[in-house]
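What's counted below: heavy atoms across the whole structure, side chains too, no hydrogens, waters or symmetry copies. Protein chains get the first letters and strands the later ones, always in sequence-line order, with residue 1 at the start of each.
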Amino acid sequence: MSLAVKSLGELSKIKHYYGFRYLLNAAVHEQIFDKLKLATVYPEPNKLKILDLYPGPSQHSAILYNRCKPAQHVLMDARPDFVKHISQFITENSQHAQGFQLVTLDPYDWHSYTELIDRNKVMVPSHKGREAIHNEFLVVANLTGMIGEGLFMQWLACIGNCNWLQRFGRVKILVWVPESTALKLLAKPGDHLRSKCSVVTEAFTETKLVAVMKNKTETSFNSSLLEKHRPVMFESKDVWMPSGKPISLLEIDPRDHKVDLDNFDYVTKHLLILKSTPLYDALESLGHGGKEYFCSVIGDDRLLQKCPKDLTVSEFIYCTEIFDKWPFKPDIYLDFIDVFQDND
Amino acid sequence: MLRYSRSCCRFRGLKKLGGQLRPLSQTALLGKPSVNTSSIRSESANGDIGFLKSSAVSITPTFGPFDNAHAAVQAGQSRDIMNLWSLLEACLHSGYMDRAFSILKSLYGLRSHRASFIDDYNKYLMKFAENLTDMKIIDRKLFQDLQNVFPEAEYNDKTLAILIHYALKLSPSRDASMEHCRTYLKMALGGYRGILSNIDVLSVQNYRSLVHDFKLIEVHDLPAEIHSLMEVNGVSHENAESTEPAVNGGNISVKAKNEEQGMTLDKEIKPLVKDASELLAVDTIGMKVVRHTLLGLSLTDQQREQINSFNFDTASNLLNFEKDKENIDFFEIFSQLKTDEEKEAFTKALDEFNQDRQHQLENRATDAAKERWRHDFEEAKARGDLSIQKKLNIKLWEWFNKMLPLVKEEVKRCAELANKSSQDPSLSPQEKKQNKARQDYGPYLTLVDPEKMCVITILELLKLNSTGGVIEGMRTARAVISVGKAIEMEFRAELLLKNESHVFKDVNKKSHEFKVLVQRARNTFRSMKIEESKILWPQEARAKIGSILISMLIHVARVRVEGVDPLTKEKIQGEAPAFSHGYQYHNGSKLGVLKIHRSLVHQLNGERLVAAVQPQLLPMLVKPRPWKSWNSGGYYYTQSTLIRSKDSPEQVAYLKAVSEAGAIDNVYGGLNVLGETPWTVNRKMFNIMSHVWNSGEPFLDIPGNQNKLVLTPQPPRDADPTVHRQWRLKNKALANEFSSNRSARCDANYKLEIARAFLGEKFYFPHNLDFRGRAYPLSPHFNHLGNDMSRGLMIFWNGKRLGPTGLKWLKVHLSNLFGFDKASLEERIAFTESHVNDVMDSAESPLNGKGWWKEAEKPWQALATCIELREALKMENPEDFISHVPVHQDGTCNGLQHYAALGGDVEGATQVNLMPSDRPQDVYSHVAKLVVARLEKVAAKGDETAAILKDKIKRKVVKQTVMTNVYGVTYIGATHQIEKQLSNVFDDHKLSYELSKYLTKHVFASVRELFEGAHLIQDWLGECAKRISKSIRLDIDEKSFKNGNKPDFMSSVIWTTPLGLPIVQPYRENGKKQVATNLQTVFISDPFAVNPINARRQKAGFPPNFIHSLDASHMLLSALKCGEHGLDFAAVHDSYWTHASDIDTMNVLLREQFIKLHEVDLIEQLKNEFDERYKNYLQILKIDKKANVAVKVVELRKELSQKLGRQFTLADEIYLEKKRRQLMESEDPAERAQGEAMTTTVSIIGEVDDIAPLEKSSDSSCIMVLAPLTLPPIPPKGDFDVKELENSKYFFS
DNA sequence: TGACTAGCTAGAGACAATATCGCTAGTCCGGCC
DNA sequence: CGCCGGACTAGCGATATAAGTTTTAGCTATTTG
């Protein structure tokens, strides 16, 4: 027996979607999960724990649950209308919903996770090494709302730091994000959208584009990207709320890395401000005498001619290493400003 | 004979040219312009303190290019004009004549500017003629330009003055010269005086030639200030045969004439003084007299010795910035003088000396700084001590020397570029780009001596260290603008000086008395010149030259640095740029920063950076130039404007209009009183503070001298994100505290150093106004508006005998400073008397004693008062004590006082001491009581929150909120204030925040309850502001409708204060734009841009701003009256200061003035003004779809829409309405009838008497319509009669 | 039916600033008739 | 000679940036009289 899968027609009756958008087409979801081959990553469903963040209407949750039959599937959502809906859904399906449960915690709040895992021990994932992707824990999330992008960027930092849920190992995350975010994250060297977050994504994760909305407009994914990822395509009519920006599904596989995050952060952040200025000049903005120092260390003139937006991850890492060895490097922990302190 | 009428002149003139007759001057053939001298000066109505006259002018002003709101055509152009002006000026002074000429053409092209175009041309002509040797060329040039290039421009008197000036200078023979002058004089538009009044063009020598040599004019044709200079000479030289010596000139003393007599004219005309600095050395004669006068006074031997050895050469004896040098203590001498005669003589001598010093101060500061660096460098070199850890000044000197050639090179390139007509094609693209940029900034870069620019750049950057929230550095945007501004200021000062020396170049000041005359003439000249200069460099130009200079400095400035090798962990020495340009993020937005290397910052911490204080902005050694017009007053060589309207040229426009109508003389008068109060530094306080400072320890509000910022250790990598976040926040907090401590310490340092410089000096604070009319001293850092420390450092220069009341008030003052100010006066006196031992102890050993004074609310001022009190009490009769400490009288919640008076609110008036009472009422306690009552009531009903809170409400909890409530504090802001208080009681942060939110509601409600009338008025003001700022103005808003039905609202709230000052709320959307500079683009707003207003801020700001404009009026009126009664007066908005003995007088006066202010119903007056000013404005309303008019409107719209074949927009409706009104105003009756017959959507709505009942807020059942703007009716006024105030002794106390 | 409230959502807001890119409209130049 | 097309560029507008979320007004649906 399995959970009922409600249709878009039914689910669209929920009053508020709080600015989030959800794909509500069971067939497409099936297609997506087919593509993800979850069974290979999680061979033992009885040990699998799924944390579903901002599940909202939870259509995908039901489908995922039905397919995997995980030991535990926790939905975390605190938005009143969804809480109401999910609770009701679980009640309706109570006999088929073992391990399928709702916690009304706010996924935005870090405390929700310590609450869930460490304090109430509602869900306690196993600790795994960092050799492979965690095979007993999966995170699913929808970050298509306003706060989504910001929250996702912090999750990225968590991957880098191996904290938050990533302390249990290299935990896969399936996350719905606005298409614009996906574009940014997947930008390659030379792309005008290349930014710190794309570099970080590339450095700390292996990210795949799983599903995208069919789109006539030009400002979408370029063909080589589509070629590479071959994402599932779905119609915009399958997405609720009907108005809003297009959304995409990403599969995030954290990497095992050993980069000094703070220095890396500082270097990429500053270099990418002058993304089209050759390193030769851009390096000066790293601190007093940056140009002098880096030029004396970096022999490769070709590298110095390159612009930050064209640098590969390994080149950024190279720069970070040089930066770290700089005797006169600036204090990277004082790299902020108090804009409200204005003395006139 | 050459006085042709305009039309025949052109015709005949040209004919003559073609014929044989060659006139001496072609220019004479130009038509004579018609003169328009109509002026509308209405007589001041009886009893009007400014409002009536002023509002009459400002409601229908005729605006110049400063206006950015009035005429749509002009709107886009005012900015262009300003930019062109400034570029023209720059090109002229840089000698780019061709470019200047093409700018002239652009200016000529701006229609709205046509009328005043000739002034621009005159500037060009003046410069054009400068290097020529042939008068004919000048004359021909002018003729041709006005004939061919600028045919619609007409010469004016100044043009003629220029011609005369050069005719006198260049004509080959005396006869030719005379003939020229004769011709030009005859071309005068309205008599000779018009020409001759241009004392900035004609030199004294010119006048002499015209009067004495050619006898073309009479002395009385000259401007009054020049008379005296002529006559002195006239008497000695011409024996007064042609002039009438008695005319106006009776004030010349016989002595002066005698002294002049020995001189011959030849001897007198010396070779030109080439530049300003040389001119300065001439003045020493006067100083001998000063010395002589001073020595003639009864002095101690020591003082005599001091004066004898004192070098009165001002150039070498400016202010004393050296730590171990002592200037003469003029204050000490002055206070010890016994007789009034002696004091008078002393004052005269000192003032004279200070005149010169002030001049030096405003002009020579950059040189002084440079000299100091050089001096230190040479000294070190002489010692052979150029060690690695160099002294700061030595480093600066080195930077200066490295930077200078770069700057010179750049200046050269700019000059070359300007002189080259075509681009060199062989240049690299980068060079081309650079040259392109040079075209922009070139003209500005070549105006000031490169040496000075280097010094300015260095000083500015050092001064900006740790500003703008940057840890070790500054914001780039601020830096480039500051440097640019400083360069501009320098240029202006130099320009003024140059002009001055040009005009007065041939005046030799042999005698002391004569010099005084010259000085007077000069002052007039300066005023004229400053008033005339309305040109401001565009921010863009400032930023550009700033960035050029800064990037050069970055390039050369290097410091020794220390680092740690990451591998070996060894300390490494190295060298790095002292400045580094980079970026920082805040909330995802980038911010350009200019970092200063830590090692330099450390060095800076230990330095005394006085030199960096803009010397143009120190307190003045002489009385400020009295305010006479919107931009004339304050400093002598620096232009200051009456209103600090950074980005509101609109207000300037109104201000000019009313100022020219003479409607704000009371404002000027009040400000002048404030400016004429002489101060001196309280030496005892200075010594104490100085001692504390030098210890480096934190003391009261002076933070200690911490050199290193210690961050907390980083949490482990895999710690919870919250932990990481906390750590980051903690570090931020630490860094912020560190940097704010540093800037607080730096600020205190400035204050102390300025105070040191002014020890024993007599000084004044020039004041100007903020946009609401509140007065502020122009000199930053050190003034009486500063913090407790600043205030504690200052005393009145004049002393007054305490007398019986003075002593009492001094005691009251001390009590007030301790915060014990809600008791009756007697109790306050008792408070002080009961602490008499503490007073003595504090005064005798402030630092080692019990330190009672430190417990005061305002400790430094309390200490100063303790000391004063002790001195008095030590005397046999304390009443004989000569007191200098200012005693304050503060309004109790001044804003509420005004509200209560406006609303006639009896209960409120009583609470804020407008009603006579035995003891002062304490609003705060009263509100606290009300709040408690409310809470108890709800608590009784079972509200738990109320129950928790009800015992915790103290006066202090509500105080700030009650106070700021008047100033429109938001709910959130108030919550924060209350939370701050509650957090002392409740430990739980979250709980206290929740409680505060709850409590705030009750406090607001209580205040509202207590000041019912006040709040009705506050609401009314807010509603008016809202409607006005959402109103549409027919004459200009047409095009702001580009986005269909959502217009850009353009009308600010404008009102006239009781004193006649027009106020324009400057809240507009900030039209900031990116400007490319050398370092980065910079985000700056152009003050001349016309932006839509910010309705929200207009609304939120109006009620408090209106009240502030009233308290400002009250203050200025009181100042004026106190001035009339011979009181020394100072004020900090609603805190009025004078000598202890004069407090009683002041209190009477200020109450009188408050009554006078509120005798008229100000709200009614405001409503009338609004009704008049916004008479023809429209507002957008939502009315019921089903109402009769609504149906009609919809029909009309449909009809017109069909006719138009497209959607009928609000813009169309406005256009139609505008047309209708135009027709109705027409002269032609047929057109008028046509207008009457027209039906527009607005006219339909206008037919309804009262639209209000039809209004609906939010529903789909309503439509948007345009209606005439109406303002809500005034709330009813209560029964309080402001006359009651007369006997309320606690009104201000 | 209307009024009031709570709570959501969106819209401005202090992205209290800056780099970069793409688009457009104007300018300049050369070639062609 | 004049006209036209194409190349070029200045200038403007849009967009992304980082990464705990800011406040507030207005709108809608729910609740209640």
**Message:** Going by the rule side-chain contact (heavy atoms from CB on, under 4.5 Å), which residues pair with A:K275 if we only count those two or more places apart in sequence or in a different chain?
**Reply:** A:L272, A:K309
**Request:** Between A:G19 and A:L274, just flag the one whose closest nucleotide in DNA chain C comes earlier from the 5' side.
**Result:** A:G19
**Request:** Could you pull out all residues at least two apart from A:H85 that satisfy ring-ring contact (aromatic ring centres under 6.0 Å, His included)?
**Result:** none
**Message:** Output the rounded distance in Å from NZ (A:K309) to P (C:dT18).
**Reply:** 21 Å
**Prompt:** Across the strands shown, which category fits B:Q584 at heavy-atom distances under 4.0 angstrom: base, sugar-phosphate, nothing?
**Reply:** nothing
**Complete:** The dot-bracket string of DNA chain C, counting Watson-Crick and G-U wobble pairs with both distances under 3.5 Å, using [ ] for crossing pairs and | for pairs to another strand, is ..|.||||||.|....||||||||||||||||.
**Message:** Using whole Å, what does the distance between atom P of nucleotide C:dT9 and atom CD1 of A:I14 come to?
**Reply:** 12 Å
**Prompt:** What is the distance, rounded to the nearest whole Å, between atom NZ of A:K84 and atom C1' of C:dG7?
**Reply:** 11 Å
**Prompt:** Out of D:dT24, D:dG20, C:dC8, which nucleotide sits closest to the side chain of B:R725?
**Reply:** D:dG20
**Prompt:** Base, sugar-phosphate alone, or nothing: which one does A:Y108 contact when heavy atoms must sit under 4.0 Å apart?
**Reply:** base
**Request:** With sequence neighbours excluded, tell me which residues meet ring-ring contact (aromatic ring centres under 6.0 Å, His included) with A:Y266.
**Result:** A:H270, A:F323
**Request:** Could you tell me whether A:Y17 contacts a base, only the sugar-phosphate backbone, or nothing, with contacts defined as non-hydrogen atoms closer than 4.0 Å?
**Result:** sugar-phosphate
**Message:** Can you identify which nucleotide, out of C:dT18, D:dG20, C:dG13, has its nearest atom closest to the A:Q154 side chain?
**Reply:** D:dG20
**Whole-Å P distance, D:dG20 and C:dA12** = 26 Å
**Prompt:** A:F340 stacking on C:dA16: centroids under 5.5 Å, ring planes under 30°?
**Reply:** no
**Same-atom distance (C1') from C:dT18 to D:dT21, integer angstrom** = 24 Å
**Value in whole Å for how far the C1' atom of D:dT21 lies from CE of A:M153** = 16 Å
**Complete:** Which of C:dT18, C:dA17, C:dG13 is nearest the side chain of B:R475? It is C:dA17
**Request:** Ignoring backbone atoms, test whether B:Y583 places a side-chain nitrogen or oxygen under 4.0 Å from the OP1 or OP2 oxygen of C:dA17.
**Result:** no
**Request:** Check side-chain contact (heavy atoms from CB on, under 4.5 Å) between A:D106 and all other residues, then give those that pass, not counting sequence neighbours.
**Result:** A:Y54, A:A78, A:Y108, A:D109, A:S112
**Message:** Checking A:N161 now: which residues fulfil side chain to side chain donor-acceptor pair (under 3.5 Å) with it, not counting sequence neighbours?
**Reply:** B:R717
**Request:** Kindly point out which of C:dA17, C:dG13, C:dA19 is positioned nearest to the side chain of B:R1096?
**Result:** C:dG13
**Prompt:** Which residues pass the side-chain contact (heavy atoms from CB on, under 4.5 Å) test with B:A1095, sequence neighbours left out?
**Reply:** B:S1029, B:K1030, B:I1093
**Asked** Hey, which of these two, A:I147 or A:K15, hits DNA chain D nearer its 5' end, going by closest nucleotide?
**Response** A:I147
**Complete:** Taken to the nearest whole Å, CE/A:M146 to P/D:dT21 is 14 Å
**Integer angstrom distance from the C1' of D:dT31 to that of C:dT1** = 14 Å
Are any protein N/O atoms closer than 3.5 Å to N/O atoms in nucleotides 25-27 of chain C? If there are, list each pair with its distance.
none

**Item:** B:K1072 NZ to C:dC15 C1', straight-line distance once rounded to whole Å
**Value:** 12 Å
**Prompt:** Does the pair B:N587 and B:S589 meet the rule for a side chain to side chain donor-acceptor pair (under 3.5 Å), with working shown?
**Reply:** CA-CA 5 Å; B:N587 262 332; B:S589 52; over 6 Å; no
**Complete:** Across all chains, not counting sequence neighbours, the side-chain contact (heavy atoms from CB on, under 4.5 Å) partners of B:S740 are A:Q341
**Item:** Of A:Y18 and B:H581, the one whose closest DNA chain C nucleotide lies more 5'
**Value:** A:Y18
**Prompt:** Looking for any heavy atom pair under 4.0 Å, which part of the strands does B:P721 touch: base, sugar-phosphate only, or nothing?
**Reply:** nothing
**Request:** For each nucleotide in nucleotides 7-18 of chain D, reading 5' to 3', give B when a protein heavy atom comes within less than 4.0 Å of its base, S when such contact involves only the sugar-phosphate, and - otherwise.
**Result:** ---------BBB
**Prompt:** Looking only at side chains, do B:Q714 and A:D262 share a donor and an acceptor under 3.5 Å apart?
**Reply:** yes
**Message:** Tell me whether B:E540 at atom CD has more than 12 heavy atoms from other residues, nucleotides or ligands lying less than 6.0 Å away.
**Reply:** no
**Request:** Take B:R438 and B:N435 through the test side chain to side chain donor-acceptor pair (under 3.5 Å) and record every step on the way to the result.
**Result:** CA-CA 5 Å; B:R438 282 196 180 106; B:N435 275 344; 2.9 Å; yes
**Asked** For C:dA14, does the glycosidic angle fall within 90° of 0 (syn) or outside that (anti)?
**Response** syn
**Prompt:** When you measure from the side chain of A:W110, which nucleotide among C:dA17, D:dG20, C:dA19 comes out closest?
**Reply:** D:dG20
**Item:** d(CD1, B:I1084; C1', C:dA17) in whole Å
**Value:** 12 Å
**Message:** What is the separation between atom CZ on B:F1083 and atom P on C:dA19, rounded to the nearest whole Å?
**Reply:** 12 Å
**Prompt:** Base, sugar-phosphate, or nothing for B:R1097, non-hydrogen atoms under 4.0 angstrom?
**Reply:** nothing
**ring-ring contact (aromatic ring centres under 6.0 Å, His included) partners of B:H724, counting only residues at least two apart** = none
**Prompt:** Within the structure, does a side-chain N or O atom of B:R728 lie under 4.0 Å from either OP1 or OP2 of D:dA19?
**Reply:** no
**Asked** Just checking, is any N or O donor in the side chain of A:T144 or A:N142 under 3.5 Å from an acceptor N or O on the other one?
**Response** yes
**Complete:** Across all chains, not counting sequence neighbours, the side chain to side chain donor-acceptor pair (under 3.5 Å) partners of A:T207 are A:T205
**Item:** Nearest-angstrom distance, P atom, D:dT22 to C:dT5
**Value:** 30 Å
